[in-house]
Trainee: 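Provided herewith is a single structure, encoded as structure tokens, for subsequent inquiry.
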Amino acid sequence: NNRITGITLEIMDSMGPGGQMSGFTNADLSQVSLYLDTDGNGSFSTSSDALLASSSPANWSIQTNPARWRSSFSGLTVPIPAIYSMNSTSTIFVVAQGTSAAINSSSTKSFNFQIPSGGVQISVGAGASLTSFPAAGGPMGSVYFSPKVNLGQEGTGGFGSQIVISEVQT
């Protein structure tokens, strides 16, 4: 069976309301988790979706140009459907928990996350192959680049964007 065995994520500061960087750092998040949409409804729920992996961004490695923090989530066993169709994809949610200091900050902290080029590790089963697997295409050569995520209590927090990883198998 073909599987996703690892995902590398990077988080970085995003533009604030005045066009300046928001001042976000990895210390503004207490946890980043990956969940598999096991019920297939496209909506995140801690009660019905499966936790795949979790990590504290305080321990992530720093990358430069531009500044961003990186971590690899390994040991995953997310099945890749044998035949691709929009009805048979595996949806993985990235869930970020802001610290109370960042959420209560007088200025809104915001960030983007991305899966860098080569940031999806896969295992291909015997006799199978994958073609057209996403390798790059987003900003900075990323596989996926999220919309801006705001931390705060003014109704701007909680913006969710799912990652859809797809491929064509022959």
Side-chain angles (χ1 to χ4, degrees), residues 4 6-76 78 86 89-121 134-166:
I4 295 172
I7 296 176
T8 298
L9 284 181
E10 294 179 343
I11 54 175
M12 65 208 69
D13 193 6
S14 186
M15 291 287 186
Q20 304 295 320
M21 299 309 278
S22 76
F24 171 88
T25 71
N26 62 327
D28 292 322
L29 296 177
S30 60
Q31 200 77 357
V32 174
S33 304
L34 301 179
Y35 281 83
L36 180 62
D37 184 16
T38 52
D39 59 11
N41 68 0
S43 297
F44 172 69
S45 169
T46 56
S47 62
S48 62
D49 296 324
L51 175 65
L52 298 173
S54 192
S55 178
S56 170
N59 300 321
W60 290 22
S61 64
I62 185 75
Q63 309 295 305
T64 56
N65 296 319
R68 60 204 188 281
W69 296 270
R70 175 184 288 178
S71 184
S72 293
F73 296 85
S74 59
L76 307 180
V78 178
M86 285 307 290
T89 60
S90 294
T91 300
I92 298 172
F93 297 108
V94 176
V95 179
Q97 295 174 297
T99 63
S100 51
I103 290 171
N104 295 320
S105 174
S106 60
S107 62
T108 301
K109 304 277 185 142
S110 58
F111 67 96
N112 297 92
F113 69 88
Q114 73 173 0
I115 298 175
S117 178
V120 179
Q121 294 78 48
M140 297 186 297
S142 63
V143 173
Y144 178 85
F145 192 83
S146 76
K148 179 170 73 170
V149 179
N150 295 317
L151 297 175
Q153 294 182 331
E154 296 80 28
T156 58
F159 181 89
S161 180
Q162 64 185 16
I163 299 174
V164 178
I165 299 174
S166 63

Trainee: If you take all heavy atoms of Phe93 and Ser43, which pair is closest and at what distance?
Mentor: CZ-C, 3.7 Å
Trainee: Could you tell me whether the side chain of Leu29 reaches within less than 4.5 Å of the side chain of Phe111, counting heavy atoms only?
Mentor: yes
Trainee: Would you name the heavy atoms of Arg70 and Thr8 that are closest together and state the gap between them?
Mentor: CG-CG2, 3.6 Å
Trainee: Within this structure, what is the CG-CG distance for the pair Asp49 and Asp37, rounded to the nearest 0.5 Å?
Mentor: 4.5 Å
Trainee: Side chains of Asn112 and Ile11: does their closest heavy-atom pair fall under 4.5 Å?
Mentor: no
Trainee: Please tell me if the side chains of Gln63 and Met12 come closer than 4.5 Å, counting only heavy atoms from C-beta onward.
Mentor: no
Trainee: For the atom pair CZ (Phe113) and CG (Leu9), what is the distance rounded to the nearest 0.5 Å?
Mentor: 7.0 Å
Trainee: Looking at CG of Asn41 and OG1 of Thr91, how far apart are the two atoms once the value is rounded to the nearest 0.5 Å?
Mentor: 9.5 Å
Trainee: Does a side chain donor of either Trp69 or Ser61 reach within less than 3.5 Å of an acceptor in the other side chain?
Mentor: no
Trainee: Listed by chain and number, what are the salt bridge (Lys or Arg N to Asp or Glu O under 4.0 Å) partners of Asp28, not counting sequence neighbours?
Mentor: Lys109
Trainee: Can you sort out the partners of Thr46 under side chain to side chain contact (heavy atoms under 4.5 Å, CB included), two or more places apart, ordered by chain and number?
Mentor: Tyr35, Phe44
Trainee: Would you mind reporting whether Ser14 and Met21 have side-chain heavy atoms less than 4.5 Å apart?
Mentor: no
Trainee: First locate atom CG of Asn104, then atom OG1 of Thr99, and finally report the distance between them rounded to the nearest 0.5 Å.
Mentor: 8.5 Å
Trainee: Mind listing the closest non-hydrogen atom pair of Thr64 and Arg68 along with its distance?
Mentor: O-NH1, 2.9 Å
Trainee: Is any side-chain heavy atom of Val94 less than 4.5 Å from a side-chain heavy atom of Leu34?
Mentor: yes
Trainee: Of the non-hydrogen atoms in Val32 and Pro57, which two are nearest, and what is the gap between them?
Mentor: CG2-CG, 3.6 Å
Trainee: If only side-chain N and O atoms count, and only distance matters, is there a donor-acceptor pair under 3.5 Å linking Asp13 with Ser22?
Mentor: yes
Trainee: Any side-chain donor paired with an acceptor under 3.5 Å for Ser72 and Ser74?
Mentor: no
Trainee: State whether the side chain of Thr38 and the backbone N or O of Ser48 hold a donor-acceptor pair below 3.5 Å, judged by distance alone.
Mentor: yes
Trainee: Are Phe73 and Ser55 packed together at the side-chain level, in the sense that at least one heavy-atom pair is separated by less than 4.5 angstrom?
Mentor: yes
Trainee: Quick one: list whatever passes side chain to side chain contact (heavy atoms under 4.5 Å, CB included) with Gln31, sequence neighbours left out.
Mentor: Ser33, Ser54, Ser56, Gln97
